[in-house]
Amino acid sequence: MAAIGSCFSKFCSALFLLVFFHGRTNAKLSTNFYSKSCPNLLPTVKFIVHSAIMKEARMGASLLRLFFHDCFVNGCDGSILLDDDISSFIGEKNAAPNRNSARGFNVVDDIKSAVEIVCPGLVSCADILAISARDSVTILGGPYWDVKLGRRDARTASQAAANNNIPSPSSNLNQLISGFNAHGLAPRDLVALSGGHTIGQARCTTFRARVYNESNIDPSFARTRQRNCPRETGSGDNNLAPLDIHTPTYFDNSYFKNLIDRRGLFHSDQQLFTGGGFTDSIVRGYSNNPRSFRSDFAAAMIKMGDISPLTGSMGEIRKNCRRVN
C-alpha cells in the first residue's frame, strides 16, 4: 500500500506540473482580460488615439500599420516598438519596411504613460497596439470589433525577420498569398486586410516603379502621381501620396473601386485585381458591398491579432514600450 501510495503521489505531482505549465504557456486571449484589473483601459486608450487623429488624420493609418507590422514579425508581441539594444539585438524600426516610414511611436508612448497611471504594470505594449489599431479604424469611420487581449511583450526583436516577413509593395499575388498563408491568413483575409489601404499615405520610393513602368494602371492616375514623384531615384523619395485617391482619411470601400479602375497605388495593391488570380471576385464583391468588407475586415483583424501571442508567463509587461525591463 505504501508503494502504491508513493507512486500515486508522484503521479499526482507530475500531473499537476503538466497541467500547471500547460495552462501557463497556452493561456488564451480574451475580450474581457482587463475588465476587472483595468476597467478604464479602453477609454484611456481611445481618448489619446482620438486626440492624435484629430491633430493629424494620417496617424490612424500609422497606428493600424504598426499593429500589422508587429504581428507579421514573430507574432503580435510589441517587438516593433523596441529601440535597438546594442548588447542584445538590432530591432525592427530600421528594417527596410519600417525605416523612414513606421510612425506613431510617440503616440504609443503617450498611451502607455497614461495607462501606467490608471493601471500600473498590468497592460502590455502589444495589447496597446491592438486596441489602438481598432480605435483608429473606428474613429475614421470603419468597423468596430471587440479586441482580444492578454498578450505580453517580447524581450527581443529581429530586424532580419522584419526584412523577410513583412510583405513588400512590389510583391506579386502569389507572394502575397504565400506570405499571408504562412501566418494562417487566407486569401480572403489578405484582400480584406489590404483594404486598410483605404486610409493613409505612401512615399514616392514605394510606388515610383509602378507609376512609371507598369501597364496595368490608369494613365491619368499615373500622370497625377508622377507630378509629385520624380522618376529619378533619390529625388523626392519621401514625397507622399494618398493610398486611396478618393477618401484618404475615411475608412470605406473606395480602395476596391480604385483597384477595379486600375488606380491601386502599390504594385501589390493592384495585384489583387487582374493579377491573374481568384482575388478579382473578392475585390468586386467588396467594391459592391461595403458591409461585407467591414465585416470581413473586422474578422481578419481579430484573426491577425491571434498570430503567436506571448501569454501566461511568457515575455513581460514592459514599463516603457521602447525597451526591455
Side-chain angles (χ1 to χ4, degrees), residues 13-39 41-42 45 63 66-93 95 98 102 105 108-109 111-113 115-116 118-134 145-166 180 182-185 300-325:
S13 296
L15 181 62
F16 170 78
L17 288 172
L18 177 63
V19 172
F20 177 72
F21 284 111
H22 179 80
R24 292 210 313 176
T25 58
N26 291 276
K28 292 184 178 180
L29 304 180
S30 166
T31 58
N32 61 3
F33 188 84
Y34 299 107
S35 59
K36 293 182 179 179
S37 61
C38 190
L41 170 61
L42 297 183
V45 175
L63 292 172
L66 275 184
F67 183 55
F68 173 73
H69 282 210
D70 184 47
C71 290
F72 263 57
V73 182
N74 298 325
C76 309
D77 59 6
S79 59
I80 192 173
L81 303 174
L82 288 170
D83 291 337
D84 292 350
D85 183 333
I86 298 176
S87 64
S88 302
F89 59 83
I90 302 299
E92 298 160 25
K93 290 182 178 179
N98 297 326
F105 299 108
V108 175
D109 291 340
I111 296 171
K112 179 62 173 174
S113 296
V115 170
E116 283 297 302
V118 296
C119 310
L122 291 178
V123 181
S124 68
C125 300
D127 277 346
I128 286 174
L129 279 181
I131 301 168
S132 300
R134 187 275 311 277
W145 62 93
D146 291 322
V147 179
K148 293 164 71 173
L149 302 167
R151 300 170 190 83
R152 289 169 65 84
D153 296 321
R155 292 191 175 99
T156 188
S158 173
Q159 186 175 111
N163 282 327
N164 292 329
N165 294 335
I166 297 174
F180 275 68
H183 296 288
L185 298 169
M301 286 294 291
I302 294 171
K303 194 172 178 180
M304 184 176 74
D306 282 340
I307 298 175
S308 304
L310 301 176
T311 58
S313 63
M314 303 167 71
E316 65 180 14
I317 304 297
R318 281 185 225 139
K319 297 175 183 178
N320 181 327
C321 291
R322 292 175 181 262
R323 56 178 179 264
V324 176
N325 292 341

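Keep in mind that this is a model prediction, so the values were computed, not measured. All heavy atoms count here, side chains included; hydrogens, waters and symmetry mates do not.
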First locate atom [atom1] of [X], then atom [atom2] of [Y], and finally report the distance between them rounded to the nearest 0.5 Å.
| X | Y | atom1 | atom2 | value |
| --- | --- | --- | --- | --- |
| E92 | N163 | CD | CG | 9.5 Å |
| L310 | E316 | CG | CD | 10.0 Å |
| I128 | L41 | CD1 | CG | 7.0 Å |
| C76 | H183 | SG | NE2 | 10.0 Å |
| L82 | C125 | CG | SG | 8.0 Å |
| S313 | R152 | OG | CZ | 7.0 Å |

Task: From V115, L149, I131, residue fulfilling side chain to side chain contact (heavy atoms under 4.5 Å, CB included) relative to Y34 - done: L149

TODO: Would you mind telling me which of V123, D127, I111 makes a side chain to side chain contact (heavy atoms under 4.5 Å, CB included) with V45?
DONE: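 Of the listed residues V123, D127, I111, the side chain to side chain contact (heavy atoms under 4.5 Å, CB included) partner of V45 is I111.
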
TODO: Output all residues satisfying side chain to side chain contact (heavy atoms under 4.5 Å, CB included) with A161, sequence neighbours left out; order by chain, then residue number.
DONE: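 With neighbours one apart ignored, the set is V73, N74, S158, N165.
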
Task: Pairing residues for K148 by the side chain to side chain contact (heavy atoms under 4.5 Å, CB included) criterion, not counting sequence neighbours - done: L29, T31, I302, D306

Open item on the list: For a 4.5 angstrom cut-off between non-hydrogen side-chain atoms, does M304 reach F72?
Closed with: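 Side chain of M304 against side chain of F72, heavy atoms only: contact under 4.5 Å found.
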
Task: Student check: side-chain heavy atoms of L185 and I307 closer than 4.5 Å - done: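 L185 vs I307: side chains touch.
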
Identify the two heavy atoms, one from [X] and one from [Y], that lie closest to each other, and give their separation to 0.1 Å.
| X | Y | result |
| --- | --- | --- |
| R151 | P309 | CG-CB, 3.9 Å |
| I80 | F105 | O-CE2, 3.6 Å |
| S124 | I317 | CB-CD1, 3.8 Å |
| S37 | F33 | OG-O, 4.0 Å |

Under 3.5 Å, side chain of [X] to main-chain N/O of [Y], donor-acceptor pair present?
| X | Y | result |
| --- | --- | --- |
| R155 | G315 | yes |
| D84 | I86 | no |
| R322 | D109 | no |
| D153 | A126 | yes |

Task: Name of the residue among R318, R323, K93 meeting salt bridge (charged side-chain N to carboxylate O under 4.0 Å, His left out) with D83 - done: K93

Open item on the list: Under the criterion side-chain contact (heavy atoms from CB on, under 4.5 Å), I'd like the reasoning laid out for S79 against D70: C-alpha separation, chi angles, the key distance, then a yes or no.
Closed with: CA-CA 6 Å; S79 59; D70 184 47; 3.5 Å; yes

Task: Derivation of the side-chain contact (heavy atoms from CB on, under 4.5 Å) call for M301 and F67 - done: CA-CA 10 Å; M301 286 294 291; F67 183 55; 3.7 Å; yes

TODO: Begin with the C-alpha distance, continue with both residues' side-chain angles, and end with the deciding distance and a verdict on side-chain contact (heavy atoms from CB on, under 4.5 Å) for L63 and V108.
DONE: CA-CA 8 Å; L63 292 172; V108 175; 4.2 Å; yes

